Amino acid sequence: MDGGTQYNPRTVEEVFRDFKGRRAGMIKALTTDVEEFYQQCDPEKENVCLYGLPNEQWEVNLPAEEVPPELPEPALGINFARDGMQEKDWLSLVAVHSDAWLFAVAFYFGARFGFDKADRKRLFTMINDLPTIFEVVTGTVKKQLKEKSSVSNHSSNKSKSGLNGQGSDTGKYLKGQPKDDDEGLVKEDEEEHGDTLCGACGENYAADEFWICCDICEKWFHGKCVKITPARAEHIKQYKCPSCSNKRARP
C-alpha cells in the first residue's frame, strides 16, 4: 500500500529505520490520532487494514489486490470488531496485530536481501530495545517503570522541574538546559528520566527536548508529538493529552 516496489531498505540500519517510521505512524493512529482512526474504522465499510508508513504516517485502507502482495499485509477487517468490544480492548487488539505486522515486514526485508544470522540478530536486538506498540498503547511500559520505582523519580522530577521547566507552579513541563554551566543539572535529569518514554511515540527522554506531563494519566510526552510548544505550555493550567481528551462514552 505504500509503494513497496519503490522503497526497499537493504541494510540492517535501513530496515530498522523503516521499522521505526512505520511503528511511529501506527502509534500515532492508536494514541494522538485515535479519534480520527476510530472514525475511519467504520464497521459498515469493507475489510480495512491499518498501515504504518515509513514516513511516520498511517493510513486505513483496503488490502492490496495482488496475490501475493509486495509486502506482508496487516490484519484484515479490524473495523468489524470496533463496536463489538470496549474501545480500549479493541485498540489493544489492533496494537498486537500491528506489532506482528511490523516484525513481518522487517524480517521480510531481511529475508529478501539475504541477512545472515548476525544481521538478523542485530536487527532483532535493535527492534527489541523499543517498547512494543501494545506496551505503549496499554500503558504497560509505565507499569514496568513503576515497578522500578520510577514513581518516586517522577515525584522528585515534578518537584524539581521548576528549576529547569516552564512552570514552577505545576512542575509539569520539562526542558533540558544544554548550557555548559547547567551540565550537572542536565546529567541529573538524564539519569532520573532515562527510563521515561514518550506516551505518543514510545521514544526515550532526551535532555535537549521539551516534554510535557498529562495531569490526568501522568504520562510524559514530547512537546512535538502532541503539538505543544514551550510558549503555549505556559498558558495551560491543566494539560490533558490527546488520549485523555478523547475519552468519552461511545454510542
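The analysis underlying the following values was restricted to heavy atoms, covering all of them including side chains, and did not include hydrogens, waters or symmetry mates. Worth saying up front: this structure is predicted, and the values here are computed from it rather than measured.
- A salt bridge does not link Lys28 to Glu36: none of the charged side-chain nitrogens sits closer than 4.0 Å to a carboxylate oxygen.
- No continuous path of hydrophobic side-chain contacts links Ile216 to Leu91 [ILVMFWY only; heavy atoms under 4.5 Å].
- In this structure, the salt bridge (charged side-chain N to carboxylate O under 4.0 Å, His left out) partners of Lys224, at least two apart in sequence or on a different chain, are Glu209.
- Side-chain contact between Met126 and Phe19: absent, with no pair of heavy atoms (C-beta onward) separated by less than 4.5 Å.
- Here the side chain of Asp99 pairs no donor or acceptor atom with the backbone of Thr132 at under 3.5 angstrom.
- Looking at Glu14, its side chain does come within 3.5 Å of a backbone N or O of Arg10 through a donor-acceptor pair.
- Lys240 places no side-chain N or O within donor-acceptor distance of the main-chain N or O of Cys214, the cut-off being under 3.5 Å.
- No donor-acceptor distance shorter than 3.5 angstrom exists from the side chain of Asp18 to the backbone of Pro54, with no hydrogens or angles considered.
- Residues satisfying the salt bridge (charged side-chain N to carboxylate O under 4.0 Å, His left out) test with Glu46, not counting sequence neighbours, are none.
- Judged by distance alone, the side chain of Asn47 and the main-chain N or O of Leu76 form no donor-acceptor pair under 3.5 Å.
- When atom types are taken as modelled, the side chain of Trp220 and the backbone of Gly199 share no donor-acceptor pair closer than 3.5 angstrom.
- By the rule that hydrophobic residues join a cluster once side-chain heavy atoms approach within less than 4.5 Å of another member, Phe80 and Met85 end up as members of separate clusters.
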Q) How far apart are the C-alpha atoms of His222 and Phe210, what are their side-chain angles, what is the distance that settles it, and do they pass the side-chain contact (heavy atoms from CB on, under 4.5 Å) test? A) CA-CA 6 Å; His222 290 108; Phe210 171 70; over 6 Å; no

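- Distance check, rounded to the nearest 0.5 Å: CZ of Phe37 to CG of Leu50 gives 4.5 Å.
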Q: Evaluate the criterion side-chain contact (heavy atoms from CB on, under 4.5 Å) for residue pair Phe115 and Phe109; output intermediate values, then yes/no.
A: CA-CA 9 Å; Phe115 286 8; Phe109 283 130; 5.7 Å; no

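- For Lys88, the NZ atom sits in a loose shell: 12 or fewer heavy atoms of surrounding residues, nucleotides or ligands are nearer than 6.0 Å.
- When all heavy atoms of Tyr51 and Leu62 are compared, the pair lying nearest together is OH-O, 3.5 Å.
- Using a 4.5 Å heavy-atom threshold, the side chains of Leu130 and Phe16 count as touching.
- Put simply, the side chain of Trp90 gets close to the backbone of Ile78: a donor and an acceptor are under 3.5 Å apart.
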Q.
side-chain contact (heavy atoms from CB on, under 4.5 Å) for Tyr239 and Val226? Distances and angles first, verdict last.
A. CA-CA 11 Å; Tyr239 175 67; Val226 291; 3.3 Å; yes

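- For the residue pair Ser92 and Thr138, the shortest heavy atom distance occurs at OG-CG2, 3.2 Å.
- The salt bridge (charged side-chain N to carboxylate O under 4.0 Å, His left out) test applied to Arg120 returns no partner, not counting sequence neighbours.
- Under 4.0 Å is where a charged nitrogen must lie from a carboxylate oxygen, and between Arg82 and Glu44 no such pair does.
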Q: Under the side-chain contact (heavy atoms from CB on, under 4.5 Å) rule, what do Val136 and Leu197 come out as? Steps first, then yes or no, please.
A: CA-CA 9 Å; Val136 173; Leu197 301 175; over 6 Å; no

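- Across all their heavy atoms, Ser98 and Met26 have their closest contact at OG-CE, 3.3 Å.
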